[in-house]
Student: 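The structure under discussion is supplied below as structure tokens; questions concerning it will follow.
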Amino acid sequence: MKLLRVGPPGAERPVVLGQDGTAYDLSGRARDIDGSFLAGLDPAALARDVAAGLLPEADLAGRRVGAPVARPGKVVGIGLNYRDHAAEAGAPIPEEPVIFLKPSSTVVGPYDEVLVPRGGEKTDYEAELAIVIGRTGRYLEDHAAAAEVIAGYAIANDVTERAFQFERGGQWDKGKSAETFTPLGPWLVTADEVADPQRLPLRLWVNGELRQDGSTAQMIFPVLEIVRYASRFMVLEPGDVIVTGTPAGVTLGRPGTPFLAPGDIVEIEIDGLGRQRQVLGKA
């Protein structure tokens, strides 16, 4: 199933898309697409209800699409998870996953404005596969256990202010935490519809120019290992989001290429997960 949230910020309504693309309103059954909803989600049962005509249709024309998950408890970032990106960043291949955290306040809709932060000089894009957690995961023993806690997948842009990340001391979080720095969606595609999360092409364009063209097959640490590993250090809860790293092609790895500026347009596409688009503005 493809789940999404539509409406103005803070007043989004939950929607499910049928196989033919028809939208159905879930607000009679769920307050929102949040941790509580995901913890009880049965995609097969929901699909049967859609097929049986038990849900009212929803008109999406002209309506804003929000992030497909309401205010995640936490956003977990995985850094340097593609060999070609580590190489362009001049960093060694990590022996274990590099983990950082992003505030939930960074999460916005897939078409919302992204703001260059005050004092920002090197705002960059990162096309990423996002994992959405649907069951509590702690000390997961193996990949089979990791698979059981995944609700589905979405597109994320892990926007990063490189000057804050590398030139202001401390940890990466400074460069990852500005408002609007995690556009998510348009959909949460449930795990049963993603046959292999390690075979997903992903692409990113800036002002129509293709900048990133990779595949999740190039990950150093695959999806299930990321979930298993992260659960050894923190409790993963329903509604949490993990962004899994980006392939080569970020501005940081393209000497002479300007960083993002107000008016620039970033578009990201992952096969089967849809497409998102942001116009840059200024905080």
Student: Side chains of Glu179 and Ser105: any donor to acceptor distance under 3.5 Å?
Tutor: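 Their side chains do not contain a donor-acceptor pair, so the 3.5 Å distance test is not met.
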Student: What distance do Ile33 atom CD1 and Arg5 atom CZ have between them, rounded to the nearest 0.5 Å?
Tutor: 7.0 Å
Student: Identify the two heavy atoms, one from Ala127 and one from Ile268, that lie closest to each other, and give their separation to 0.1 Å.
Tutor: CB-CG2, 3.7 Å
Student: Looking only at atom types and distance, does a side-chain atom of Thr216 sit under 3.5 Å from a main-chain N or O of Arg199, one as donor and one as acceptor?
Tutor: yes
Student: Within the supplied structure, the quantity of interest is the number of heavy atoms (other residues, nucleotides, ligands) at a distance under 6.0 Å from Arg13 CZ; does it exceed 12?
Tutor: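 At most 12 heavy atoms, drawn from other residues, nucleotides or ligands, come within 6.0 Å of this atom.
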Student: I need the Leu202 CG to Thr246 OG1 distance, nearest 0.5 Å.
Tutor: 6.5 Å
Student: Hey, does the side chain of Ser215 reach the backbone of Ala217 with a donor-acceptor pair shorter than 3.5 angstrom?
Tutor: yes
Student: Regarding Arg228 and Glu148, does a basic nitrogen lie under 4.0 Å from an acidic carboxylate oxygen?
Tutor: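 No salt bridge links Arg228 with Glu148.
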Student: State, with a plain yes or no, whether a side-chain heavy atom of Phe259 is found less than 4.5 Å away from one of Arg162.
Tutor: yes
Student: For a 4.5 angstrom cut-off between non-hydrogen side-chain atoms, does Asp84 reach Gln218?
Tutor: yes
Student: Verify, without hydrogens or angle tests, whether Gln212 (side chain) and Leu210 (backbone) share a donor-acceptor contact under 3.5 angstrom.
Tutor: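 Judged by distance alone, no pair lies under 3.5 Å.
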Student: Please walk me through it: do Lys176 and Glu161 pass salt bridge (charged side-chain N to carboxylate O under 4.0 Å, His left out)?
Tutor: CA-CA 7 Å; Lys176 300 282 188 176; Glu161 173 49 53; over 6 Å; no
Student: Report all side-chain donor-acceptor pairs from residues 251-258 shorter than 3.5 Å, counting only partners two or more places apart or in another chain.
Tutor:
from	atom 1	to	atom 2	distance (Å)
Thr251	OG1	Asp124	OD1	2.8
Arg254	NH2	Glu209	OE2	3.0
Thr257	OG1	Arg254	O	3.2

Student: So, Arg277 side chain and Glu267 main chain: donor-acceptor pair closer than 3.5 Å or not?
Tutor: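 Side chain of Arg277 to backbone of Glu267, a donor-acceptor pair under 3.5 Å: no, none is there.
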Student: Would you indicate whether the side-chain heavy atoms of Val241 and Leu184 approach each other to under 4.5 Å?
Tutor: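 The answer is yes, as the side chains (C-beta and beyond) meet within the 4.5 Å cut-off.
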Student: Are the charged groups of Arg64 and Glu12 less than 4.0 angstrom apart, N to O?
Tutor: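 Between Glu12 and Arg64 there is a salt bridge, with a charged N closer than 4.0 Å to a carboxylate O.
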Student: So Ile220 and Pro94, do their side chains get closer than 4.5 Å, heavy atoms only?
Tutor: yes
Student: Please check this pair: side chain of Thr160 against backbone of Asp158, looking for a donor-acceptor N/O pair closer than 3.5 Å.
Tutor: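 Between the backbone of Asp158 and the side chain of Thr160 there is a qualifying donor-acceptor contact (under 3.5 Å).
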Student: Between Leu26 and Leu46, is there a side-chain heavy-atom distance shorter than 4.5 Å?
Tutor: yes
Student: Donor-acceptor pair, distance only, cut-off 3.5 Å: does the side chain of Arg232 make one with the backbone of Leu140?
Tutor: yes
Student: Could you tell me if the side chain of Leu101 sits less than 4.5 Å from the side chain of Val76, heavy atoms only?
Tutor: yes
Student: To the nearest 0.5 Å, what is the distance between CD (Gln198) and OG1 (Thr244)?
Tutor: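 The CD atom of Gln198 sits 8.0 Å away from the OG1 atom of Thr244.
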Student: Determine whether the side chains of Lys102 and Ser177 contain a donor N or O and an acceptor N or O closer than 3.5 Å.
Tutor: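 Side-chain D/A pair, Lys102 to Ser177: absent.
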Student: What's the verdict on side chain to side chain donor-acceptor pair (under 3.5 Å) for Tyr229 and Glu96, showing C-alpha distance, side-chain angles and the deciding distance?
Tutor: CA-CA 9 Å; Tyr229 183 88; Glu96 297 187 41; 2.5 Å; yes
Student: So which heavy atom on Gly185 is nearest to which on Pro110, and how close?
Tutor: C-CB, 3.7 Å
Student: Roughly how far, to the nearest 0.5 Å, is the CD1 atom of Ile133 from the CD1 atom of Ile150?
Tutor: 6.0 Å
Student: Would the distance check show the side chain of Asp25 and the main-chain N or O of Pro56 forming a donor-acceptor pair, the cut-off being under 3.5 Å?
Tutor: no
Student: Tell me, please, whether Trp205 has Arg275 positioned over its six-membered ring: NZ or CZ under 6.0 Å from the ring centre and within 45 degrees of its axis?
Tutor: yes
Student: If we only count heavy atoms from C-beta on, is the Leu260 to Val206 side-chain gap below 4.5 Å?
Tutor: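 With C-beta onward as the side chain, the pair touches.
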Student: Could you go through Lys2 and Glu193, starting from their C-alpha distance and side-chain angles, then the distance that decides it, and tell me whether this counts as salt bridge (charged side-chain N to carboxylate O under 4.0 Å, His left out)?
Tutor: CA-CA 9 Å; Lys2 293 181 175 68; Glu193 288 201 4; 3.7 Å; yes
Student: Once you round to the nearest 0.5 Å, how far does CZ of Phe100 lie from NZ of Lys174?
Tutor: 16.0 Å
Student: Identify which one of Leu188, Val15, Val189 satisfies the side chain to side chain contact (heavy atoms under 4.5 Å, CB included) criterion when paired with Leu4.
Tutor: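 Between Leu4 and the candidates, side chain to side chain contact (heavy atoms under 4.5 Å, CB included) is satisfied uniquely by Val15.
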Student: Under a 4.5 Å side-chain heavy-atom rule over Ile, Leu, Val, Met, Phe, Trp and Tyr, are Phe221 and Leu224 clustered together?
Tutor: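 Same cluster.
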Student: Can a side-chain donor-acceptor contact be found between Asp20 and Thr22 if the only test is distance below 3.5 angstrom?
Tutor: yes
Student: Which pair of non-hydrogen atoms, one from Leu38 and one from Arg135, has the smallest distance, and what is that distance?
Tutor: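 The pair with the smallest heavy-atom distance is O-NH1, 3.0 Å.
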Student: Classify the side-chain pair Tyr125/Arg211 by whether it contains a donor and acceptor separated by less than 3.5 Å.
Tutor: yes
Student: Determine whether a donor-acceptor pair (N or O, by modelled atom type, separation under 3.5 Å) exists between the side chain of Asp32 and the backbone of Asp34.
Tutor: no
Student: Any chain of hydrophobic side-chain contacts (each under 4.5 Å) joining Ile131 to Met219?
Tutor: yes
Student: Closest heavy-atom contact between Val75 and Pro103?
Tutor: CG2-O, 4.4 Å
Student: Could you tell me whether a side-chain N or O of Asn81 sits under 3.5 Å from a main-chain N or O of Ile78, the two making a donor and an acceptor?
Tutor: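 Checking the backbone N and O of Ile78 against the side chain of Asn81, no donor-acceptor pair under 3.5 Å is found.
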Student: If you take all heavy atoms of Val243 and Ala130, which pair is closest and at what distance?
Tutor: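 Heavy atoms of Val243 and Ala130 come nearest at CG1-CB, 4.3 Å.
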Student: Going hydrophobic residue to hydrophobic residue with side-chain gaps under 4.5 angstrom, can you get from Trp187 over to Val108?
Tutor: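 No; Val108 is not reachable from Trp187 via cluster members.
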Student: Does some side-chain heavy atom of Arg138 sit less than 4.5 Å from a side-chain heavy atom of Met234?
Tutor: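 The answer is no; the side chains never approach within 4.5 Å.
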Student: Backbone N or O of Gly249 within a donor-acceptor pair of the Glu88 side chain at under 3.5 Å?
Tutor: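 Answer holds: yes.
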Student: In the single-linkage hydrophobic clustering (I, L, V, M, F, W, Y; side-chain heavy atoms under 4.5 Å), do Tyr111 and Leu280 co-cluster?
Tutor: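 Yes; Leu280 is reachable from Tyr111 via cluster members.
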Student: Write down the atom of Val227, the atom of Leu236, and the distance for their closest heavy-atom approach.
Tutor: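 Where Val227 meets Leu236 most closely, the heavy atoms are O-CD1, 3.7 Å.
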Student: Just wondering, are more than 12 heavy atoms of other shown residues or ligands nearer than 6.0 Å to CD in Gln19?
Tutor: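 No, not enclosed.
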Student: Is there a path of hydrophobic side-chain contacts, each under 4.5 Å between heavy atoms of I/L/V/M/F/W/Y residues, joining Val69 to Ile242?
Tutor: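 As far as the 4.5 Å side-chain criterion goes, Val69 and Ile242 are not connected within one cluster.
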Student: Knowing that exactly one of Leu204, Asn157, Asp112, Val65 qualifies, which makes a side chain to side chain contact (heavy atoms under 4.5 Å, CB included) with Gln276?
Tutor: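 With Gln276 as partner, Leu204, Asn157, Asp112, Val65 yield a single side chain to side chain contact (heavy atoms under 4.5 Å, CB included), made by Asn157.
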